[in-house]
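Below: one structure, written as structure tokens.
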Amino acid sequence: MIVLVINSGSSSLKYQVFNMKEEKLLAKGLVERIGIGGSSLTHQPLGQEPIVTKEDIPDHNKAIQMTVAALTDPQSGVVKSMEAIEAIGHRVAHGGEQFADSILINDEVTEGIRKLIELAPLHNSPALMGIEACARMLPKTPQVAVFDTAFHQSIPEKAYYYALPYEISKKYALRRYGFHGTSHKYVAEKAAQLLQKDIVDLKIITCHLGNGASIAAVAQGKSVDTSMGFTPLEGLVMGTRIGDMDPASLLFLMEKEGMNTEEMNQFLNKKCGVLGISGYSSDFRDLETEANNGNHRCQLALDIFAYRVTKYIGAYAAAMNGVDAIVFTAGLGENSPTMRQAVSKNLSYLGAEIEDDKNNQRGQVEISKENSRCKLFVIPTNEELMIGRDTYRIVKSS
Ligand code: ADP
């Protein structure tokens with residue numbers, strides 16, 4: 001089955017095409033600057049150079065049209081015709097309480113996603129634009145929604161309720177949802193494979209450390225807790241997001257700085273995190289370089305980041321009463337031996353011992369010492385493949 005996977009942002013659209021029978025990537029691409037001028041489509045068939053088409057792309061309809069044209073192009077395309085695309089999988093950020101698994105899209109599902117825009121305005125509305133554009137362009141092709149929150153719907157009440165009055169939590173569905181679910185699930189399953197054990201017999205902590213960062217506790221293959229909450233702002237320190245914070249301090253700041261709610265929202269999402277601490281960059285590569293040059297604030301930002309990750313690992317080991325494997329993934333988790341070392345140095349009480357030589361390797365690799373009771377892994381995430389898998393599973397069984 002040929003599956004087109006789409007990750008739609010407000011001004012961008014990323015795609016990958018897989019032959020799901022062999023789980024083979026055929027092509028990938030990116031539409032940039034939708035609706036803001038200077039737009040382009042970059043299409044890259046597997047093993048070939050990227051082809052860039054610059055054209056005015058005012059909306060997601062045009063973006064999908066150009067994507068399909070690129071995929072069916074007689075020279076650089078990867079399928080013969082539009083009909084050869086047998087299913088489309090969409091990444092949708094927020095599935096609320098309604099969607100605990102990926103689902104075949106129909107009118108009811110579209111409406112459900114629309115209703116959830118309130119909880120994730122920046123993410124769910126572009127996803128919906130992508131879904132609607134595909135429905136217009138390829139009306140006969142089945143579409144599947146894959147939610148970032150779905151994997152975390154197994155989290156028990158005690159971990160997802162905040163200490164708000166219960167009626168308020170219920171009234172607004174104000175609770176922990178968690179995000180990056182597709183990534184946590186993918187790397188947890190991969191870790192079980194690498195351990196050659198059934199995932200139901202394992203306790204795994206997955207650390208998705210990128211610009212956005214979250215940790216999940218995965219017991220018996222199910223997410224039982226995660227650091228992101230009602231929104232992707234809670235938990236770890238991130239590139240520009242604040243993570244955990246005393247709620248009273250926000251009220252204090254709003255008053256002192258005269259910020260309204262929108263300004264505060266922007267501040268917490270865009271001006272904080274390692275960018276705010278360092279005053280230098282949100283990019284961990286810049287921070288590591290500058291810290292090596294003796295910049296105290298850059299080093300402090302890295303120290304605070306690593307310390308928070310280590311604390312969450314401890315919390316989740318406690319929540320699961322043990323841990324068999326800890327996985328590092330995403331931009332920073334996959335590429336920064338320094339950060340993995342900093343996070344892991346206080347984990348010996350869990351029986352997790354990092355091996356420096358192994359830690360300096362790249363790609364999918366175990367980085368713990370031979371006799372380490374708890375294994376440490378680096379596993380590159382692959383959310384697109386996971387979306388492809390779910391799409392294949394759901395369309396095949398529908
Ligand atoms: P997101 O998908 O949330 O935008 P990514 O998973 O792509 O984020 O991760 C981006 C982050 O990973 C950036 O802050 C970048 O600095 C960091 N990163 C990528 N490569 C390296 C590296 N070699 N060393 C340190 N950090 C890296």
Side-chain angles (χ1 to χ4, degrees), residues 5-16 28 30 32 91-94 120 122-123 126-127 146 148-149 178-187 190 206-216 226-228 231-243 268-293 295 297-299 301-306 308-309 327-344 356 359-365 367 378-387:
V5 171
I6 293 200
N7 184 351
S8 223
S10 56
S11 64
S12 71
L13 186 147
K14 292 185 203 139
Y15 63 84
Q16 293 197 4
K28 61 182 178 180
L30 167 68
E32 287 174 284
R91 178 186 188 181
V92 183
H94 217 307
L122 291 179
H123 298 104
V146 180
D148 261 17
T149 49
F179 298 85
H180 293 140
T182 315
S183 174
H184 288 295
K185 186 172 180 209
Y186 177 81
V187 298
K190 202 79 190 181
T206 49
C207 309
H208 180 111
L209 310 179
N211 211 359
S214 70
I215 301 206
T226 192
S227 58
M228 281 180 170
T231 73
L233 195 56
E234 194 184 345
L236 299 179
V237 176
M238 304 181 213
T240 59
R241 285 178 236 161
I242 193 163
L268 297 172
N269 277 288
K270 303 272 183 223
K271 300 271 193 303
C272 295
V274 290
L275 170 68
I277 303 166
S278 68
Y280 186 73
S281 174
S282 64
D283 192 301
F284 286 87
R285 279 165 295 204
D286 298 344
L287 296 174
E288 288 184 359
T289 308
E290 201 48 23
N292 284 336
N293 294 336
N295 183 322
R297 277 175 64 181
C298 289
Q299 186 59 56
L302 295 169
D303 290 347
I304 295 175
F305 180 91
R308 184 82 56 92
V309 177
V327 183
F328 295 95
T329 193
L332 181 65
E334 289 168 30
N335 297 303
S336 174
T338 319
M339 182 53 73
R340 295 194 297 259
Q341 166 66 37
V343 167
S344 306
D356 288 341
N359 185 34
N360 287 322
Q361 290 172 299
R362 296 188 69 84
Q364 181 179 294
V365 58
I367 57 169
V378 178
I379 301 179
T381 193
N382 195 339
E383 292 164 275
E384 291 77 14
L385 176 61
M386 205 66 189
I387 295 172

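When a residue number appears, it is its place in the shown sequence, counting from 1. Counting starts at 1 for both ligands and their atoms, following the listed order.
The ring of His208 has its center no closer than 6.0 angstrom to the ring center of Phe328.
Between the side chain of Asp286 and the backbone N or O of Ser282, no donor-acceptor pair lies under 3.5 Å. Between the side chain of Ser278 and the backbone N or O of Val274, at least one donor-acceptor pair lies under 3.5 Å. The backbone N or O of Ala291 lies less than 3.5 Å from no partner atom in the side chain of Asn295, so there is not a single donor-acceptor pair. With hydrogens and angles disregarded, a donor-acceptor distance shorter than 3.5 Å links the side chain of Ser227 to the backbone of Ile215.
Nearest protein heavy-atom neighbour of atom 4 (O) of ligand 1: Asn211 CB, 3.4 Å. Counting protein heavy atoms only, atom 27 (C) of ligand 1 is closest to Arg285 CG, 3.7 Å. For atom 16 (O) of ligand 1, the nearest protein heavy atom (residue, atom name, distance) is Asp283 OD1, 2.4 Å. Nearest protein heavy-atom contact of atom 3 (O) of ligand 1 is Gly212 N, 3.0 Å.
Using 4.0 Å as the threshold, Ala213 has no heavy atom nearer than that to any atom of ligand 1.
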Could you give me the CA-CA distance, side-chain angles and deciding distance for Leu236 and Arg241, then say whether side chain to side chain contact (heavy atoms under 4.5 Å, CB included) is met?
-> CA-CA 9 Å; Leu236 299 179; Arg241 285 178 236 161; over 6 Å; no

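Side-chain N/O atoms of Thr182 and Glu383 include no donor and acceptor closer than 3.5 Å.
Which parts of ligand 1 touch Ser282 is read off a 4.0 Å heavy-atom cut-off, strictly below it: atoms 14 (O). Which parts of ligand 1 touch Gly210 is read off a 4.0 Å heavy-atom cut-off, strictly below it: atoms 5 (P), 6 (O), 8 (O), 9 (O).
Compare Gly239, Ser183, Gly331, Pro232 by their heavy atoms: the one nearest to atom 9 (O) of ligand 1 is in Gly331.
In terms of polar-atom proximity, Leu209 is not counted as a contact of ligand 1, lacking any N or O under 3.5 Å from an N or O of the ligand. Considering backbone and side-chain atoms together, Leu332 places an N or O closer than 3.5 Å to an N or O of ligand 1.
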